[in-house]
Amino acid sequence: MIGFVYHVARTARPRQWLKNLALLAAPVFAGVLFEQGIALQMTKAFICFCAIASAGYYINDIVDAPKDRLHPVKKNRAIASGKISTKLAWIIAWVTALFAILFGYVFVGRFFSFMVIAYLVLQLIYSFYIRNVIILDALTVATLFIFRVISGALAVEVSVSSWLILATIGLSLLLAFGKRRSEKTLLMQHQKDSKLTRETLRHYPDTLLDSMISMSASFCIITYALFTFQVSPESLDPTIAQFLPSILRGPKLMMLSIPIVIYGVARYLYVIYEKKEGESPARVLLSDKPLLVSVVIWGLFIVGLVNLPPFVGKYWDNKTTKSSSIKESQRLDTIK
């Protein structure tokens, strides 16, 4: 029983849930992460997307089971190896998908649930058809990332920058093409004379993959740089600015995160080409310490710069107002 539960949970790909952190992009860059109710709302949205993503992984494994049995690593997946029957896998997939849609509609919002449905439909089209169409498969993966970012904005009713969408496209294309480059390298090492299990890999020349990876990396960095320039506040919160010299009160501080992004992208390219890894971006993120550290530093920097100043400012204003009220009350008591 324990073994069966383990295989059910493993097929749901909990490691891949890291991708759903893209939901936080809109509220984080809007500076509302620490406002009342936002954290709870984003938790609900995250649970919903973890469920719908897991349903997609189940369907993907069902469709891929015949080819996965030829793969040096994927042949051990629960559905491909027969540890979970195809019929039971379909039941788990649709129950999980239904839960995600209803949960999103009831606890997050109507428009959010529409995005969840759109995500599932596109995932189905990808699993049954698009994954076998060269280049379009990677573009679909990028679209799924965009759905996450837009869904995060819909969950808390904030706007999302067009430059952020473009930067997301660049990053997701980099991950998609990098994944295919690593898959091709891995398969060539294990079965040089065998038919590749992913149909599109046979049509991807190494030179094309290398060009698309280079283009995606450049596109990601450029659009992110423009995004940081656009969204950087013209001036800091007055409460914080009073402790800084004038030259630091109105700079484009968000642009300080650009070197971190450049390092992260370069490190990922190193992982692909030198370490011969990258088949699973989530696994790479958790196993490659320099890349993980760069992502954590970037996240802390953005949250600290965009979300903490308004939170501190409100706290300081409330404290000042309360202190002034107490002093005024004491002054009136003295007069009496």
Side-chain angles (χ1 to χ4, degrees), residues 1-20 47-103 116 119-134 137-138 140-141 144 175-176 178-204 276-287:
M1 182 63 182
I2 296 178
F4 174 76
V5 173
Y6 168 77
H7 290 300
V8 169
R10 186 177 182 183
T11 307
R13 308 278 212 289
R15 182 182 292 165
Q16 300 296 332
W17 293 347
L18 286 172
K19 297 177 183 178
N20 296 326
I47 292 172
C48 186
F49 257 83
C50 287
I52 199 66
S54 293
Y57 288 128
Y58 264 91
I59 296 173
N60 184 74
D61 282 6
I62 294 170
V63 175
D64 280 356
K67 292 184 177 181
D68 283 348
R69 296 186 183 101
L70 304 175
H71 194 280
V73 177
K74 296 179 181 179
K75 65 181 181 181
N76 297 318
R77 287 179 173 176
I79 298 175
S81 62
K83 296 181 178 70
I84 298 178
S85 67
T86 302
K87 181 179 179 180
L88 179 59
W90 276 116
I91 294 174
I92 295 174
W94 288 116
V95 168
T96 306
L98 183 61
F99 163 79
I101 295 171
L102 294 177
F103 184 89
V116 173
Y119 180 97
L120 178 61
V121 171
L122 185 57
Q123 180 67 57
L124 288 171
I125 297 173
Y126 173 82
S127 297
F128 285 99
Y129 175 68
I130 295 179
R131 64 177 304 142
N132 295 319
V133 181
I134 188 173
D137 61 333
T140 304
V141 172
L144 292 174
L175 296 176
K179 175 181 173 66
R180 279 146 185 77
R181 188 69 171 84
S182 298
E183 282 180 332
K184 195 169 184 180
T185 301
L186 177 64
L187 290 171
M188 288 302 180
Q189 290 175 348
H190 286 84
Q191 45 185 52
K192 295 181 180 180
D193 300 323
S194 299
K195 184 178 180 180
L196 295 175
T197 59
R198 186 186 287 270
E199 186 70 21
T200 51
L201 290 180
R202 292 186 294 160
H203 304 291
Y204 270 119
K276 308 297 182 183
E277 299 174 1
E279 186 180 12
S280 172
R283 184 180 294 112
V284 169
L285 177 61
L286 295 175
S287 62

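For this chain, numbers begin at 1 and follow the sequence in order.
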Starting at CD1 of I59, measure out to CH2 of W94 and round the result to the nearest 0.5 Å. 4.5 Å
Rounded to the nearest 0.5 Å, how far apart are CG of L144 and CG of L120? 10.5 Å
Scan N60, L122, D64 and name whichever one has a side chain to side chain contact (heavy atoms under 4.5 Å, CB included) with S127. N60
Tell me, please, which residues at least two apart from [X] pass ring-ring contact (aromatic ring centres under 6.0 Å, His included).
X	value
Y57	none
F99	F103
F49	F112, Y119

Nearest non-hydrogen partners of [X] and [Y], listed with the distance:
X	Y	result
A100	A51	CB-CB, 3.8 Å
A65	A80	O-CB, 4.0 Å
A12	W17	O-NE1, 3.6 Å
P14	A9	CD-O, 3.2 Å
I62	A89	CD1-CB, 3.6 Å

Stepwise side chain to side chain contact (heavy atoms under 4.5 Å, CB included) test for I125 and T140: CA-CA 9 Å; I125 297 173; T140 304; over 6 Å; no
For side chain to side chain contact (heavy atoms under 4.5 Å, CB included), just list the numbers for V141 and D137, CA-CA rounded to whole Å, side-chain angles, deciding distance to a tenth of an Å, and then say yes or no. CA-CA 7 Å; V141 172; D137 61 333; 5.9 Å; no
Give every residue pair that meets the salt bridge (charged side-chain N to carboxylate O under 4.0 Å, His left out) criterion with at least one member in residues 1-16, sequence neighbours excluded. R13-D61
Do Y58 and L88 pass the side chain to side chain contact (heavy atoms under 4.5 Å, CB included) test, and can you show the C-alpha distance, the side-chain angles, and the key distance before you say yes or no? CA-CA 10 Å; Y58 264 91; L88 179 59; over 6 Å; no
Residues in side-chain hydrogen bond (donor to acceptor under 3.5 Å, both in side chains) contact with S81, at least two apart in sequence or another chain: K83
By side-chain contact (heavy atoms from CB on, under 4.5 Å), which residues pair with V95, not counting sequence neighbours? I91
